[in-house]
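Please read the structure below before turning to the comments.
From a predicted model like this one, the values you see are computed outputs, not experimental measurements.
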Amino acid sequence: MAASPKVVLLDIEGTVCPISFVKDVLFPYALEALSRTVQTQWDEPKFAKYRDAFPAEHAVSQSALLEHVKDLIRRDVKISYLKSLQGYLWETGYHTGELKAPLFPDVAPKFSAWTKDGVRIIIYSSGSVAAQKLLFAHTNGDPSDLMPVITDYFDTVNAGPKTESSSYGKIASSHADHPAHEWLFLSDNVKEVEAAKQAGMQSFIVERPGNADLSEETRKQHKVIKSFEEL
């Protein structure tokens, strides 16, 4: 590493927990919960604000909303109104214990080590900030709630797209006591790592079980780690 980071900026899926948790657990749970929720909360204000954030043609009926959400999830479309709705639906699952984020075993110990060393931990994910907080408050780590050691959270709404360097510049400027070169961004996504580097951050690719294969060219161009224990 070029220099010890003062701030660690973390992606979530494929970095701190398996991609399969999101695709195979969270997404199906949200669809199942939505089927129940539209029947029981369709006209309630607490649900209507999420419903009304969708394009009008998809919010005219319960069936139209369900079909649109299914289509967005199938195509893995990362759009803010879907992410907000999913966060709302996941909240119940986390609170009842049906959902618990399966962190990779090296994550919680490294969070403790970073905190002890005074390194700031910040999250940046395409999932909404609300969903991020739910995930880190309900993990399989020890302690289960990691929110007390996380300084800040960013998503595509308050920071911008994860593959654009300007998003990382915006995040760094919000904690301006540490210039970009003192930040380390960790992600499984090559384009995100490249964008962070363009913004002046250090950035490594995290290679976890279940992640997409990396090309030899990518391995030559970027530092790749398999565990936070390598940091």
Side-chain angles (χ1 to χ4, degrees), residues 1-19 101-129 131-133 135-137 139 141-143 145-209 211-212 214 218-231:
M1 203 186 310
S4 297
K6 303 298 184 184
V7 185
V8 175
L9 183 64
L10 296 170
D11 171 50
I12 294 180
E13 57 183 280
T15 300
V16 303
C17 73
I19 290 176
L103 302 181
F104 291 112
D106 53 284
V107 174
K110 196 63 178 179
F111 272 39
S112 296
W114 278 328
T115 302
K116 184 178 179 181
D117 292 341
V119 177
R120 198 171 298 171
I121 302 169
I122 296 177
I123 308 300
Y124 181 28
S125 172
S126 59
S128 69
V129 167
Q132 295 173 32
K133 290 180 177 179
L135 185 149
F136 283 105
T139 77
D142 183 17
D145 183 2
L146 294 177
M147 285 186 61
V149 301
I150 298 173
T151 301
D152 209 348
Y153 302 81
F154 292 90
D155 58 19
T156 56
V157 175
N158 64 2
K162 295 186 71 183
T163 55
E164 294 185 7
S165 62
S166 59
S167 302
Y168 298 87
K170 185 174 182 179
I171 291 171
S173 67
S174 71
H175 292 267
D177 53 324
H178 291 296
H181 70 267
E182 294 183 351
W183 292 58
L184 172 63
F185 175 59
L186 300 174
S187 174
D188 65 308
N189 188 296
V190 178
K191 291 183 179 179
E192 294 175 4
V193 167
E194 291 173 344
K197 285 184 173 181
Q198 289 170 9
M201 294 183 180
Q202 302 174 63
S203 190
F204 303 158
I205 297 172
V206 182
E207 186 177 27
R208 299 288 197 178
N211 287 7
L214 300 173
T218 293
R219 294 179 185 278
K220 291 177 183 177
Q221 293 177 347
H222 304 283
K223 181 175 176 62
V224 179
I225 63 169
K226 295 179 181 291
S227 168
F228 288 179
E229 292 176 350
E230 299 175 42
L231 299 171

- [ ] Please examine the side chains of R120 and D177, heavy atoms only from C-beta on, and report whether any two atoms are closer than 4.5 Å.
- [x] yes
Task: cation_pi(R208, F228) dist<6.0 Å, angle<=45 - done: yes
Open item on the list: To check you understand the geometry: which heavy-atom pair defines the closest contact between Y124 and A159, and what is its length?
Closed with: CE1-CB, 3.8 Å
TODO: Check whether any side-chain N or O of Y168 sits under 3.5 Å from a backbone N or O of A180 as a donor-acceptor pair, and report yes or no.
DONE: no
- [ ] Go through the steps for M201 and H181 under the test side chain to side chain contact (heavy atoms under 4.5 Å, CB included), then give the verdict.
- [x] CA-CA 5 Å; M201 294 183 180; H181 70 267; over 6 Å; no
TODO: Inspect the surroundings of NZ in K6 and state if more than 12 heavy atoms from other residues, nucleotides or ligands are less than 6.0 Å away.
DONE: no
TODO: Report yes if some heavy atom in the side chain of I150 is under 4.5 Å from a heavy atom in the side chain of I123; otherwise report no.
DONE: yes
Open item on the list: I'd like to know if the side chain of D188 and the backbone of V206 have a donor-acceptor N/O pair within less than 3.5 Å.
Closed with: no
Task: Worked verdict on I225 versus E207 for side chain to side chain contact (heavy atoms under 4.5 Å, CB included) - done: CA-CA 6 Å; I225 63 169; E207 186 177 27; over 6 Å; no
- [ ] Considering non-hydrogen atoms only, spot the tightest contact between A199 and G169 and give its length.
- [x] CB-N, 4.0 Å
Task: Criterion side chain to side chain contact (heavy atoms under 4.5 Å, CB included) against K110, the qualifying member of T115, I121, V16, L231 - done: L231
- [ ] State whether the side chain of S227 and the backbone N or O of E230 hold a donor-acceptor pair below 3.5 Å, judged by distance alone.
- [x] no
TODO: Kindly say whether the aromatic ring centers of F185 and F204 come within a distance under 6.0 Å.
DONE: no
Task: Minimum-distance pair of heavy atoms, taken over all atoms of F104 and C17 - done: CE1-C, 3.3 Å
Task: Flag side-chain contact, heavy atom, 4.5 Å: P18 against P209 - done: no
Open item on the list: Please check: side-chain N/O of D117 versus main-chain N/O of W114, any donor-acceptor pairing under 3.5 Å?
Closed with: no
Open item on the list: Can you classify the ring geometry of F136 versus Y153 as parallel (below 30°), tilted (30 to 60°) or perpendicular (above 60°)?
Closed with: tilted
Task: Donor-acceptor under 3.5 Å (N211 side chain, G14 main chain) - done: yes
Open item on the list: The test is side chain to side chain contact (heavy atoms under 4.5 Å, CB included); show your working for L9 and L184 and say whether it passes.
Closed with: CA-CA 6 Å; L9 183 64; L184 172 63; over 6 Å; no
Open item on the list: For the CD atom on Q221, are there more than 12 heavy atoms of other groups (residues, nucleotides or ligands in this structure) within a distance under 6.0 Å?
Closed with: yes
TODO: Supply the atom-to-atom distance S187 OG to I12 CD1, rounded to the nearest 0.5 angstrom.
DONE: 11.0 Å
- [ ] For the residue pair S167 and F154, establish whether any side-chain heavy-atom pair is separated by less than 4.5 Å.
- [x] no
Open item on the list: Please tell me whether E192 and T163 have a donor and an acceptor in their side chains that are separated by less than 3.5 angstrom.
Closed with: no
Task: Closest approach of G141 to A108 (non-hydrogen atoms, all atoms of both residues) - done: CA-CB, 4.2 Å
Open item on the list: With heavy-atom distances below 4.5 Å as the criterion, would you say the side chains of E182 and V7 are in contact?
Closed with: no
TODO: May I have the step-by-step check of salt bridge (Lys or Arg N to Asp or Glu O under 4.0 Å) for D11 and K162, ending in yes or no?
DONE: CA-CA 10 Å; D11 171 50; K162 295 186 71 183; 2.7 Å; yes
TODO: Rounded to the nearest 0.5 Å, what's the gap from CE on M147 to CG on L135? Could you check?
DONE: 11.0 Å
Task: Side-chain (D106) to main-chain (P109) donor-acceptor, under 3.5 angstrom - done: no
- [ ] Compare every heavy atom of V8 with every heavy atom of P5, then report the nearest pair and how far apart it is.
- [x] CG-CG2, 4.2 Å
Open item on the list: Using side-chain heavy atoms (C-beta onward) and a distance below 4.5 Å, is L103 in contact with L146?
Closed with: yes
TODO: Indicate yes or no: at least one non-hydrogen side-chain atom of S126 is less than 4.5 angstrom from one of D155.
DONE: no
TODO: Show your reasoning for whether side chain to side chain contact (heavy atoms under 4.5 Å, CB included) applies to E164 and Q198.
DONE: CA-CA 9 Å; E164 294 185 7; Q198 289 170 9; over 6 Å; no
Open item on the list: Which heavy atom of D145 sits nearest to which heavy atom of A137, and what is that distance?
Closed with: OD1-CA, 3.4 Å
TODO: Could you tell me whether the side chain of P161 reaches within less than 4.5 Å of the side chain of T156, counting heavy atoms only?
DONE: no
